[in-house]
Amino acid sequence: MFPGHGGQKDTRLTVPIRLLAQHQQTQRIFTIVMSVVAGISLVVGGIGIMNIMMASVMERRSEIGLLRAVGAREKDIVRQFLVEATLIALFGAAAGVVLGVVIAYVIAAFAGWAVAWSPPGIALAVVVCMAIAVGFGVYPAMSAARLNPVAALQTE
């Protein structure tokens, strides 16, 4: 059977292709899980922006009514609220990027790792953040634009 080993099967053959396939499967699962977490985070952030914008519409009903009464068109009101939503997202994205870079360098300093980041990746994240803000800001902006100017002015 196994000469020189007392008949024992004490060797093992590892085929690297199996390890590679297992690693790729683990990587795919990790990518899917992280994508789902990122998607949920984007939706929650978008809902947060929508809530902020809806509260802003409710608090500023008389201002919106006054703007409409002096000649602002619906698209002007929509544009104003979408710009506000975009600015909120831009400030949030900037804070997130700064915080992310700082945390990455702190962890790297403690763990002895190198930090690598990509300006196009950061730019893409900021653009996606602002697109989410605009997407979730459309409903509050449209509801603000559709307010009846007379009714909005009588709310105070």
Side-chain angles (χ1 to χ4, degrees), residues 11-68 70-149 152 155:
T11 59
R12 185 168 66 177
L13 177 64
T14 303
V15 180
I17 195 72
R18 283 187 181 161
L19 291 175
L20 179 62
Q22 184 180 9
H23 176 71
Q24 288 173 336
Q25 177 66 20
T26 303
Q27 190 67 36
R28 277 193 295 271
I29 292 170
F30 183 74
T31 301
I32 290 168
V33 169
M34 291 306 292
S35 298
V36 168
V37 168
I40 291 169
S41 297
L42 287 173
V43 169
V44 169
I47 291 170
I49 287 175
M50 183 185 290
N51 284 336
I52 290 169
M53 297 307 296
M54 287 302 291
S56 179
V57 168
M58 292 318 220
E59 290 174 4
R60 297 166 52 193
R61 286 176 63 95
S62 60
E63 174 191 336
I64 296 165
L66 182 61
L67 287 171
R68 295 279 291 143
V70 296
R73 298 169 297 193
E74 284 188 15
K75 72 177 187 176
D76 297 326
I77 303 297
V78 168
R79 185 180 307 122
Q80 175 184 347
F81 278 90
L82 289 180
V83 166
E84 289 178 17
T86 303
L87 287 174
I88 289 169
L90 185 62
F91 287 126
V97 167
V98 169
L99 191 61
V101 168
V102 167
I103 290 173
Y105 279 108
V106 167
I107 290 172
F110 283 115
W113 297 336
V115 175
W117 48 278
S118 158
I122 291 174
L124 177 65
V126 170
V127 167
V128 168
C129 177
M130 292 191 325
I132 293 290
V134 169
F136 278 88
V138 168
Y139 177 73
M142 295 298 289
S143 66
R146 291 186 184 129
L147 285 176
N148 181 348
T155 57

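In this text the structure is predicted, and so the values were computed from the model without any measurement. Worth knowing before you read on, the calculation uses all heavy atoms, side chains too, and leaves out hydrogens, waters and symmetry mates.
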Separation between [atom1] of [X] and [atom2] of [Y], rounded to the nearest 0.5 Å:
{"X": "R60", "Y": "M53", "atom1": "CZ", "atom2": "CE", "result": "7.0 Å"}
{"X": "M54", "Y": "F136", "atom1": "CE", "atom2": "CZ", "result": "14.0 Å"}
{"X": "M142", "Y": "E74", "atom1": "CE", "atom2": "CD", "result": "6.5 Å"}
{"X": "L147", "Y": "S62", "atom1": "CG", "atom2": "OG", "result": "10.5 Å"}
{"X": "Q80", "Y": "S56", "atom1": "CD", "atom2": "OG", "result": "8.0 Å"}
{"X": "S41", "Y": "M34", "atom1": "OG", "atom2": "CE", "result": "8.5 Å"}

How about [atom1] on [X], more than 12 heavy atoms from neighbouring residues, nucleotides or ligands closer than 6.0 Å, or not?
{"X": "Q25", "atom1": "CD", "result": "yes"}
{"X": "R28", "atom1": "CZ", "result": "yes"}
{"X": "I17", "atom1": "CD1", "result": "no"}

Residue pair [X] / [Y]: nearest heavy atoms and the distance that separates them:
{"X": "G46", "Y": "I132", "value": "CA-CG2, 3.8 Å"}
{"X": "L82", "Y": "V138", "value": "CD2-N, 3.8 Å"}
{"X": "A93", "Y": "C129", "value": "CB-SG, 3.9 Å"}
{"X": "A104", "Y": "V115", "value": "O-CG2, 3.6 Å"}
{"X": "A144", "Y": "V57", "value": "CB-CG2, 3.7 Å"}
{"X": "A89", "Y": "I49", "value": "CB-CD1, 4.2 Å"}

Quick one: side-chain hydrogen bond (donor to acceptor under 3.5 Å, both in side chains) partners of D76, sequence neighbours excluded?
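With sequence neighbours excluded, D76 shows a side-chain hydrogen bond (donor to acceptor under 3.5 Å, both in side chains) to R73, R79, given in chain and number order.
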Picking from V33, V37, T31, what satisfies side-chain contact (heavy atoms from CB on, under 4.5 Å) with S35?
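Among V33, V37, T31, the one meeting side-chain contact (heavy atoms from CB on, under 4.5 Å) with S35 is T31.
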